[in-house]
Amino acid sequence: MNSDHTPDGELSVARVMESLPEAIAALFQRLMAGPRLSREELRRRVATYLVSVEVSSRDVDHMDVNTAQAIANRCYRLIDTLTVESGEQHRRMVQAAVLYFVMEADAEDDRESLIGFEDDKLVVETACRELGM
(Lines give C-alpha, C1' and ligand atoms only; values in the text may rest on other atoms or scores of the structure.)
Protein backbone atom coordinates (compact mmCIF):
# COMPACT_ATOMS: atom_id res chain seq x y z
CA MET A 1 0.00 0.00 0.00
CA ASN A 2 1.25 3.47 -0.87
CA SER A 3 1.71 5.49 2.31
CA ASP A 4 0.22 8.58 0.68
CA HIS A 5 -3.18 7.16 1.61
CA THR A 6 -4.89 7.36 4.97
CA PRO A 7 -7.78 5.22 6.19
CA ASP A 8 -10.09 8.01 4.98
CA GLY A 9 -8.53 8.21 1.52
CA GLU A 10 -5.84 10.24 -0.18
CA LEU A 11 -3.31 12.19 1.84
CA SER A 12 -4.13 15.87 1.34
CA VAL A 13 -1.58 18.61 1.79
CA ALA A 14 -4.31 21.10 0.81
CA ARG A 15 -6.50 19.86 3.66
CA VAL A 16 -3.61 20.38 6.08
CA MET A 17 -2.99 23.91 4.76
CA GLU A 18 -6.68 24.76 5.16
CA SER A 19 -6.59 23.51 8.77
CA LEU A 20 -3.76 25.85 9.77
CA PRO A 21 -3.79 29.63 10.25
CA GLU A 22 -2.32 31.44 7.24
CA ALA A 23 1.08 32.35 8.76
CA ILE A 24 1.60 28.82 10.07
CA ALA A 25 0.48 27.25 6.78
CA ALA A 26 2.92 29.40 4.80
CA LEU A 27 5.84 28.34 7.00
CA PHE A 28 4.73 24.69 6.95
CA GLN A 29 4.59 24.77 3.15
CA ARG A 30 8.14 26.21 2.97
CA LEU A 31 9.35 23.47 5.30
CA MET A 32 7.72 20.83 3.09
CA ALA A 33 9.81 22.04 0.17
CA GLY A 34 13.15 21.62 1.98
CA PRO A 35 15.74 18.95 1.22
CA ARG A 36 14.95 15.45 2.49
CA LEU A 37 16.39 14.50 5.87
CA SER A 38 16.86 10.96 7.17
CA ARG A 39 14.77 9.49 9.98
CA GLU A 40 17.89 9.50 12.14
CA GLU A 41 18.52 13.20 11.46
CA LEU A 42 14.91 14.07 12.29
CA ARG A 43 15.11 12.10 15.55
CA ARG A 44 18.41 13.80 16.41
CA ARG A 45 16.91 17.24 15.84
CA VAL A 46 13.92 16.49 18.08
CA ALA A 47 16.17 15.17 20.86
CA THR A 48 18.57 18.11 20.59
CA TYR A 49 15.75 20.65 20.63
CA LEU A 50 14.08 19.03 23.61
CA VAL A 51 17.35 19.25 25.57
CA SER A 52 17.65 22.93 24.66
CA VAL A 53 14.08 23.54 25.86
CA GLU A 54 14.81 21.79 29.15
CA VAL A 55 17.97 23.87 29.63
CA SER A 56 16.18 27.11 28.70
CA SER A 57 13.37 26.38 31.13
CA ARG A 58 15.84 26.98 33.97
CA ASP A 59 15.98 30.65 32.96
CA VAL A 60 12.55 31.14 31.36
CA ASP A 61 9.78 30.51 33.87
CA HIS A 62 6.95 30.28 31.35
CA MET A 63 8.49 27.56 29.15
CA ASP A 64 6.13 24.60 29.17
CA VAL A 65 8.54 21.66 29.17
CA ASN A 66 5.72 19.13 29.62
CA THR A 67 3.99 20.32 26.45
CA ALA A 68 7.31 20.30 24.59
CA GLN A 69 7.95 16.72 25.72
CA ALA A 70 4.46 15.65 24.61
CA ILE A 71 4.98 17.24 21.19
CA ALA A 72 8.41 15.61 20.90
CA ASN A 73 6.83 12.21 21.61
CA ARG A 74 4.27 12.83 18.84
CA CYS A 75 7.13 13.82 16.52
CA TYR A 76 8.91 10.54 17.28
CA ARG A 77 5.70 8.69 16.43
CA LEU A 78 5.44 10.61 13.16
CA ILE A 79 9.05 9.78 12.31
CA ASP A 80 8.36 6.11 13.05
CA THR A 81 5.72 6.11 10.27
CA LEU A 82 8.44 6.72 7.69
CA THR A 83 9.36 3.54 5.82
CA VAL A 84 10.89 2.76 2.45
CA GLU A 85 7.31 2.56 1.13
CA SER A 86 6.35 6.03 2.38
CA GLY A 87 5.18 8.28 -0.40
CA GLU A 88 6.82 11.63 -1.02
CA GLN A 89 3.93 13.69 0.40
CA HIS A 90 3.94 11.55 3.55
CA ARG A 91 7.68 12.07 4.00
CA ARG A 92 7.44 15.80 3.40
CA MET A 93 4.50 16.21 5.79
CA VAL A 94 6.28 14.36 8.59
CA GLN A 95 9.50 16.25 8.01
CA ALA A 96 7.75 19.64 7.91
CA ALA A 97 5.89 18.92 11.17
CA VAL A 98 9.11 17.87 12.90
CA LEU A 99 11.07 20.83 11.57
CA TYR A 100 8.30 23.20 12.63
CA PHE A 101 8.54 21.87 16.17
CA VAL A 102 12.31 22.25 16.37
CA MET A 103 12.20 25.80 14.99
CA GLU A 104 12.33 28.13 17.98
CA ALA A 105 11.21 31.29 16.19
CA ASP A 106 8.18 30.00 14.33
CA ALA A 107 4.73 31.67 14.37
CA GLU A 108 4.85 31.81 18.19
CA ASP A 109 8.40 32.03 19.51
CA ASP A 110 8.87 29.04 21.82
CA ARG A 111 11.02 30.91 24.32
CA GLU A 112 9.49 34.39 24.16
CA SER A 113 5.77 33.68 24.06
CA LEU A 114 3.62 32.42 26.92
CA ILE A 115 1.87 30.20 24.36
CA GLY A 116 5.04 29.36 22.45
CA PHE A 117 4.30 25.67 21.93
CA GLU A 118 0.62 25.98 21.00
CA ASP A 119 1.35 26.49 17.30
CA ASP A 120 3.83 23.58 17.34
CA LYS A 121 1.17 21.39 18.96
CA LEU A 122 -1.38 22.42 16.32
CA VAL A 123 0.99 21.62 13.44
CA VAL A 124 2.03 18.22 14.80
CA GLU A 125 -1.55 17.24 15.69
CA THR A 126 -2.76 18.31 12.23
CA ALA A 127 -0.08 16.17 10.55
CA CYS A 128 -0.91 13.23 12.81
CA ARG A 129 -4.60 13.54 12.02
CA GLU A 130 -3.95 13.73 8.27
CA LEU A 131 -1.75 10.63 8.47
CA GLY A 132 -4.47 8.70 10.28
CA MET A 133 -2.77 8.64 13.68
**Q.** Cationic N near anionic O, under 4.0 Å, Arg129 to Glu125
**A.** no
Q) Charged N to carboxylate O below 4.0 Å: is that the case for Glu40 and Arg43? A) no
Do any N or O atoms from the side chain of [X] and from the backbone of [Y] form a donor-acceptor pair under 3.5 angstrom?
X: Thr81; Y: Leu78; value: yes
X: Gln89; Y: Val13; value: no
X: Arg92; Y: Leu31; value: no

Q: Could you tell me which residues satisfy side chain to side chain donor-acceptor pair (under 3.5 Å) with Arg36, sequence neighbours excluded, listed by chain and number?
A: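 Residues passing side chain to side chain donor-acceptor pair (under 3.5 Å) with Arg36: Glu88.
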Q | Residue pairs passing the side-chain hydrogen bond (donor to acceptor under 3.5 Å, both in side chains) test where at least one lies in residues 20-32, sequence neighbours excluded | A |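 Residue pairs passing side-chain hydrogen bond (donor to acceptor under 3.5 Å, both in side chains), neighbours aside: none found.
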Q) Considering residues at least two apart in sequence or located in another chain, which fulfil the salt bridge (Lys or Arg N to Asp or Glu O under 4.0 Å) criterion with Glu54? A) none
Side chain to side chain contact (heavy atoms under 4.5 Å, CB included) partners for [X], two or more places apart:
X: Pro21; value: Ile24, Leu122
X: Arg39; value: Ile79, Asp80, Leu82
X: Ser52; value: Tyr49, Arg111

Q) In Å and rounded to the nearest 0.5 Å, what is the OG1 to CD distance from Thr83 to Glu85? A) 4.0 Å
Do the side chains of [Y] and [X] get nearer than 4.5 Å, heavy atoms only?
X: Leu99; Y: Leu37; result: yes
X: Met63; Y: Phe117; result: yes
X: Thr126; Y: Glu130; result: no

Q. With ILVMFWY side chains joined below 4.5 Å, transitively, what does Val51's cluster contain besides itself?
A. Val55
Q: May I have all residue pairs that pass salt bridge (charged side-chain N to carboxylate O under 4.0 Å, His left out) and include part of residues 64-79, sequence neighbours excluded?
A: none
